[in-house]
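Here is the naming used below: chain letters follow the sequence lines, and residue numbers restart at 1 for every chain. Remember, it's a predicted structure, so these values are computed and weren't measured experimentally.
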Number of protein chains: 2
Amino acid sequence: MASTIQDVAKAAGVSAATVSRVFNGGRVTAERAERVRRAAAELGFAPNRVARSLRTQRASVIGLLIPDIENPFFTAMARGVEDAAQQTNLSVVLCNTDEDVDKERRYLEVALAEQMAGVIVAAASRERTDLSLLEARGMPVVAVDRRPRGSNVDVVLVDNAHGSEDATAHMLARGYRRIACITGPQGASTSEERLAGYRTAIGDFLRAHPDRAGEYPVDPVTEWTRFADFKVEGGHKAMADLLARPERPDAVFVANNLMAVGALRALREAGLNAPEFGILSFGEVPWAPMVSPSLTTVQLPSYDLGWTAASLLQDRMSGKDRPLQTVVLRTALQVRDSTSGPGA
Amino acid sequence: MASTIQDVAKAAGVSAATVSRVFNGGRVTAERAERVRRAAAELGFAPNRVARSLRTQRASVIGLLIPDIENPFFTAMARGVEDAAQQTNLSVVLCNTDEDVDKERRYLEVALAEQMAGVIVAAASRERTDLSLLEARGMPVVAVDRRPRGSNVDVVLVDNAHGSEDATAHMLARGYRRIACITGPQGASTSEERLAGYRTAIGDFLRAHPDRAGEYPVDPVTEWTRFADFKVEGGHKAMADLLARPERPDAVFVANNLMAVGALRALREAGLNAPEFGILSFGEVPWAPMVSPSLTTVQLPSYDLGWTAASLLQDRMSGKDRPLQTVVLRTALQVRDSTSGPGA
DNA sequence: TTGAAAGCGCTAACAA
DNA sequence: TTGTTAGCGCTTTCAA
C-alpha cells in the first residue's frame, strides 16, 4: 500500500542506501538527491518509522507518564514537554496513570516493549513507583514533580519551600499578622515543604519583631497549622476549625488550590471576606482572576517543569554521560486582590 | 541488553517459532509451553513490539489528535478513549494539535509513519483538516466532535441542537420570558446548531402562547441574539450590549462556558444577579457549583464521545466492513441555582 | 505439533 | 560518493 524505500530507489534509479542517505543527511550528490526527492514526493513516500526503530534500536517517541490528565497542572506540564520535544522532532506519547501504581507499571513496560527513546514520569507514588526496570535496561528516564524513592534518575522539582516562604512573607508585608496555614497530609513531601516555607517566614518575622509575640497564641506555627488532604472538603473543614478557635487568625495560607476552594467557602459561610481576611492559594486556580475578590496565588512552573524535564531527557538520550541532576524550579507569586491587606 | 525471542528459545530448548506461538496463542503442548514461560520469566523477556509491528504491519497503538490538551472537554474525551482502548490492550498516543492545521498534518503523517493501528481526530478545522491521506492508505479513522468536510469516516458528534433546545425550554419553564442568546461565531457549526436549538424552543413557546407576542421586541430571536467568539471577552461584550437595549432581556442562554464567564461578569457589573436574571451555560464550567449562585449548565458527553469513538475505531480496525456511521450523543442539563426563576 | 527459513523496511558497515 | 550486503526481532508459511 504505502511505498517503501525500495520503490523510491527504483523510481529514482539509485540504491535504497542512497535514498536512506537523502533522508538522513548522508553525503549524496545534489543531482541525485534531487532525483530522489522528486521520486519520493511523487510516490508519497514517508520513511517507515517502525522499520527504522527496529534497525536503529531506538524510537523517535518519548513517553510521558502523568497521574491525572484532567489536572491542569499536568496538562500544562505536558505542553512543556511537547514543545521541547518538537524541537528535535520527537513525538510525545502521553500515558495517564490515574495515580495507580499498577497501571503505571504497565505503561512502563509498554515503554520498554515499544523501545521508546526515553520516559518522563511524574510518579504515581513516591514510595512504590519502581523505575529500576528501565534503569536496568539503560533507558533514559527523568522524574518530574516527585522523586521516586531509591531511583537513580534526573529529577525536576518545584521549589515548594521558597514559594511558600515568599507567599507568607507577602502576606506579612501586606499587614496580616495572625496567618494560619492549611497544608496537605503529614508525610507527603509537598505538604511538608510548603509548611516548612510558611514556618520559615513566620519565624523570621517573629525574630525581627520580638515585641509582637504577645499578640499570638503560645505557638502560632503549630496552633494555627492544620493538616488536611489536598481536597476541597478537607480545606473547608480545616478552615472552619481554624475559625472556631478563640485566637482567630486574620489570614490563611492554603497549600493547594482545591483546599483553597474549600477554605473560601468556609470563609463565606462565616461571613468573612477577603481581603479583610487574607487568603492565598499555593497553586493556580483557573478561575482565580474571576472570583471577586480575585485570588492571590502562587503559580507553579508547570510548563517549565515539562520543558526542563524534556531537555534533560534529550541530553541523556544523546548519550552525554554527566552526573545525575536535580533541578529545582522557582514558583511565581501572582498578587491579586485577596491579599490587599486587612485594612484595604 | 533486553532478551529476545531467540534467547528464550535457546534457554527453553525450543525454536523461536514455538516461543512466538506461546505468546500469541498458537498450538503448543502444555509441557513445552510451560518450559517456555519459565524461561521467559527468568530472562525478563517481553516481546519487542517494534519488531512485531514491522512483521505484522500493524501496531497496538492508536493516535488521538485533539486541538487543545488544556481544555477539560478534550481531556475528558481522552479519558474515554483511553478507557475504551485499554479493554483491548491498545495504547493511546495523545497528540496536541493546538488548533493548528499544519501541526495536525504533521501528526497525521507521524501516525502513518508509525503504522498506528488507527486514529481518532477532533479536527483542528472543519474546512481545512484533510484526512484523505489516511483514507487513501486504508488507515481506520474516526472523527469526533467535528466532522471534517469531504471526509469519508465514522463521526461522533454532540447533539448541540437538542441540548440547546432543552436548555432554553427549561428556562422558559422556570418563568423566564425575555431570554437572550449569546452564541459563537457565525458560520461555525457548533454556534449555528446551538442557536438553532434556542430558536426552536423560543419559536415553540411563542406558537403555544400567541398572546405573549406583545411583550417582545419585533423579533426576539434576532433582536436578542449576539454572535461572539466563544471567548471570555466576547461574552462580556455581548452581554453588556444586550443589557443596554431598551427591551432588556430577563435571562440569557450562553452557547459556551468561556463566554458564560464573561457574561456573568457583565451581569455583576450591571448590578444584576441570578437567579432574578437567569443565566445558563452550554458546556460545563469546572467551578460552576462553587460560584454563588451555582450555575446551571448543559453537560457535554465528552467522556462518552471519546469512548464511543474508540469503540467505532476498534470495529473498523477489526475489519468489519459496515457502512459509515454518524453517532450523535445527547447532552444532559445540570440544573442548579442560576435558573431558579425570576421570582425565586 | 514443531522447526527451518523467509522477510517486514530500514540503516550501517564495508567494498568499490 | 555509491551500491551491496547483512541483519534488527518478530511472525508466518511450509514441510516434516
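If you check every strand for non-hydrogen atoms under 4.0 Å, A:Val28 touches sugar and phosphate atoms only. Residue contacts shown for B:Phe23 are absent, as no nucleic acid heavy atom lies under 4.0 Å away.
For B:Arg49 and D:dC8, the CZ to C1' distance is 18 Å, given to the nearest whole Å. Protein atom CZ of A:Arg35 is 9 Å distant from nucleotide atom P of D:dT2, rounded to whole Å. At whole-Å resolution of the value, CD1 in B:Ile5 and P in D:dC10 are 5 Å apart. The distance from atom CD of B:Gln6 to atom P of C:dA5 is 12 Å, rounded to the nearest whole Å. Note: CG (A:Asn24) to P (C:dG9) measures 17 Å, nearest angstrom. In this structure, A:Leu54 places its CG atom 8 Å from C1' of C:dC10, rounding to the nearest Å. B:Arg27 places its CZ atom 17 Å from the P atom of C:dG3, with the value rounded to the nearest Å. The distance between atom CD of B:Glu114 and atom P of C:dC8, rounded to the nearest whole Å, is 20 Å.
Residue A:Arg52 has its side chain nearest to C:dC10 when only C:dC10, C:dA4, D:dT4 are considered. When distances are taken from the side chain of A:Arg55 to each of C:dG7, D:dG3, D:dG7, the shortest belongs to D:dG7. Distances were taken from every side-chain heavy atom of A:Val14 (C-beta onward) to each of C:dG3, D:dG3, D:dG9; the shortest belongs to D:dG3. Among the nucleotides C:dT2, C:dG9, D:dT4, the one closest to the side chain of A:Thr4 is C:dG9.
Between B:Arg35 and B:Glu31 there is a salt bridge, since at least one side-chain N of the basic residue sits less than 4.0 Å from a carboxylate O of the acidic one. A salt bridge is defined here as a Lys NZ or Arg NE, NH1 or NH2 lying under 4.0 Å from an Asp or Glu carboxylate O, and A:Asp102 with A:Arg105 meets this definition.
No hydrogens or angles were tested; on distance alone, a donor-acceptor pair under 3.5 Å links the side chain of A:Arg21 to the base of D:dG3.
Within the 4.0 Å cut-off from OP1 or OP2 of C:dC10, not a single side-chain nitrogen or oxygen of A:Thr56 is found. Phosphate contact (OP1/OP2 of C:dA12, side-chain N/O of A:Ser20, threshold under 4.0 Å): absent. The phosphate of D:dG3 has OP1 or OP2 within less than 4.0 Å of a side-chain N or O from A:Thr18.
Residue A:Ala51 is the one, among A:Arg58 and A:Ala51, whose nearest nucleotide of DNA chain C lies closer to the 5' end (criterion: closest heavy atom). Each of B:Gly13 and B:Gln57 was matched to the nucleotide of DNA chain C holding its nearest heavy atom; the match closer to the 5' end belongs to B:Gly13.
Of all non-hydrogen atoms in A:Ala113 and B:Pro47, the two that sit nearest each other are CB-O, 3.7 Å.
Checked against the 6.0 Å centroid threshold, B:Tyr303 and B:Phe73 do not count as a close aromatic pair.
The number of heavy atoms from other shown groups lying within 6.0 Å of CZ (B:Arg322) is above 12.
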